[in-house]
Protein chains: 2
Amino acid sequence: MRFEGADSGTVRPGGRTARVRAAVLQATGDALAEHGFAPLDLADIARRAEVGKTTVYRRWGTVTRLVADLLLDMAEQSLPRTETGSLFGDLKANARLVQRTLADPRQGALFKAVIAAATCDAKTAEALHRFYDIRVKEWAPCVQQAIDRGEVPEDTDVHEVIRAVSAPLYYRLLTSGESIDEAAADRAAEAAATAARAGAYLRGV
Amino acid sequence: MRFEGADSGTVRPGGRTARVRAAVLQATGDALAEHGFAPLDLADIARRAEVGKTTVYRRWGTVTRLVADLLLDMAEQSLPRTETGSLFGDLKANARLVQRTLADPRQGALFKAVIAAATCDAKTAEALHRFYDIRVKEWAPCVQQAIDRGEVPEDTDVHEVIRAVSAPLYYRLLTSGESIDEAAADRAAEAAATAARAGAYLRGV
DNA sequence: CCGTTAACGAAACTGGAGTCCCGTTATGAG
DNA sequence: CTCATAACGGGACTCCAGTTTCGTTAACGG
């Protein structure tokens, strides 16, 4: 009886074992940088959808193309923007909306997965970019209103301010284990509003 | 001869075709939310590394565990922090470092892929979180110095300020097609510094 | 330097993802 | 309503990722 399994390489970690590890890690980096992450099973999706798997393979072919179509679908369902009368209030409403979405177990996992999928395929990435462009454009007017009120400098890049609200929440979702709570949302909104008022998002300077 | 392929479903898009699409998209969302994104071929990695594929399967087993090990390796190689004497200068140095990394084709693709991999597996996610914790902790002292100089409020969350610098750059990498240029880095640093000085990153308030 | 055995790797095997074939269903034009 | 055919779906087939087996190589304690 031989026990190697998960702890193989722990007893004699030097020499060949170390060289193998280095070579494999190098190759992993290369492979990931080149192909990215490969797709999920379409047969399983057909089963869940109670649809012939031939149909799924014929119409979409790969998971990445399927996800691109899903993003197209998601982009069509838009949520109404709320107006509060102040930049901070509007950004906070936006931040809370994003926070609720990412904190929801199913939605949060879905957004993570969709972003991961876009990592592997150019068409899917394009669909993801279009999705966020639409969402950002939907909220940008609140920054324009702040410009009109004289709250922020004239030539502020309105889209960049909206992105600045979401960025910390997505960064936390992807790179940290901490939960996306309301405090994080409010902090993101406050930071973006403060920086915008101070002229940190001037365009093309 | 039958032509269906990619444009199947375009001639008769109503009725059954539409129902199939809805069911499949629903199932795709469910599958992604549950399993996330599945792994890449280990046999290919063994070939690249010029190592027996049995060895790779025995020592790592899955791509996600392999990526977790890669992250452990990446966490060990740290870059020295530069000190400029002002919060904005230090944050700008950090932002430029992140910017150069993400803008580099291989490194940028690698980071995208690693984040995608962490999306699918708890252990890999933990390894990713540890990686970023280390990086953040490495730069946090520059914010502490700014506190000591009286540049930012006493009870500022120093880690959160560092994260605020990276967040917009990663957000752009993942959700937008635009390149990560120096202007973006400088804007991220300026926004974070401004918000920090204004007390947007106070801890636990 | 020697011996034990951890770790590697070639080759044969297997299960299921992805493809192909062809009959069935039902859309939408006339 | 009718008909041509777009689109679906069951089932057989293929091929390769992942597993198992077993012989070979070399790490490291003495």
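Order of the sequence lines sets the chain letters (A, B, ...), proteins ahead of strands, with each chain counted from 1.
Using a 4.0 Å cut-off, some side-chain N or O of T55(B) falls inside it from OP1 or OP2 of dG9(C). Phosphate contact (OP1/OP2 of dG18(C), side-chain N/O of Y57(A), threshold under 4.0 Å): present.
Separating the CZ atom of R48(B) from the P atom of dA17(D) is a distance of 13 Å, rounded to the nearest angstrom. The nearest whole Å value for the distance from the CD atom in E50(A) to the P atom in dC8(D) is 16 Å. Protein atom CG of D44(B) is 11 Å distant from nucleotide atom P of dG18(D), rounded to whole Å. To the nearest angstrom, C1' of dG18(D) lies 13 Å from CZ of R65(B). Taking atom CZ on R58(A) and atom P on dT24(C), their separation rounds to 16 Å, with Å as the unit. Between the CG atom of L66(B) and the C1' atom of dG18(D) there is a distance of 15 Å, rounded to whole Å. Going from atom CG of D41(B) over to atom P of dG16(C) covers 18 Å, rounded to whole Å.
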* **side-chain contact (heavy atoms from CB on, under 4.5 Å) assessment of K53(B) paired with R47(B)** => CA-CA 7 Å; K53(B) 73 171 180 171; R47(B) 233 171 287 134; over 6 Å; no

Legend entry - From CA spacing to verdict: side-chain contact (heavy atoms from CB on, under 4.5 Å), R81(B), E83(B): CA-CA 7 Å; R81(B) 175 166 65 92; E83(B) 299 194 22; 3.7 Å; yes

For E76(B) and I134(B), what are the C-alpha separation, side-chain angles and deciding distance, and is it a side-chain contact (heavy atoms from CB on, under 4.5 Å)?
CA-CA 9 Å; E76(B) 280 161 16; I134(B) 290 171; over 6 Å; no

Stepwise side-chain contact (heavy atoms from CB on, under 4.5 Å) test for R203(A) and T156(A):
CA-CA 6 Å; R203(A) 71 174 73 240; T156(A) 293; over 6 Å; no

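Residues R65(A) and D121(A) are not paired through a salt bridge, judged by the lack of any N-O separation under 4.0 Å between the basic side chain and the carboxylate. Salt bridge absent: D69(A) and R59(A) never bring a charged side-chain N and a carboxylate O closer than 4.0 Å. E178(B) and R163(A) are joined by a salt bridge, as a carboxylate oxygen and a charged side-chain nitrogen come within less than 4.0 angstrom of each other. A salt bridge links R48(B) with D44(B); the closest basic N to acidic carboxylate O contact falls under 4.0 Å. Taking the charged nitrogens against the carboxylate oxygens, R187(A) and D157(B) have no contact shorter than 4.0 Å, which rules out a salt bridge.
The base of dA10(C) is paired with the side chain of T54(B) by a donor and an acceptor separated by under 3.5 Å. K53(A) contributes no side-chain N or O that forms a donor-acceptor pair with the base of dG9(D) under 3.5 Å.
The residue among L42(A) and R19(B) whose nearest nucleotide of DNA chain C lies closer to the 5′ end is L42(A). Between V51(B) and R16(B), the residue anchored nearer the 5' end of DNA chain C, judged by the nucleotide with its closest heavy atom, is V51(B). For R21(B) and T17(A), each mapped to the nucleotide of DNA chain D holding its nearest heavy atom, the one lying further toward the 5' end belongs to R21(B).
In this structure, I180(B) and L169(B) approach most closely via the heavy-atom pair CD1-O, 3.5 Å.
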Check nucleotides 28-30 of chain D against the protein and report each pair of N or O atoms closer than 3.5 Å, with its distance, or say if there are none.
unit_1, atom_1, unit_2, atom_2, d
dC28(D), OP1, P13(A), N, 3.3
dC28(D), OP1, G14(A), N, 3.1

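Of the residues in residues 22-32 of chain A, none has a non-hydrogen atom less than 4.0 angstrom from any atom of DNA chain D.
Helical stems of DNA chain D (runs of at least 3 Watson-Crick or G-U pairs, donor-acceptor distances under 3.5 Å) are listed by first residue: C:1-30 with D:1-30.
Residues Y132(B) and Y170(B) bring a donor and an acceptor atom of their side chains to less than 3.5 Å of each other.
Closest to the side chain of R47(A), out of dA17(C), dC8(D), dC8(C), is dA17(C).
With values rounded to the nearest 0.5 angstrom, L70(B) atom CG is found 9.5 Å from Q26(A) atom CD.
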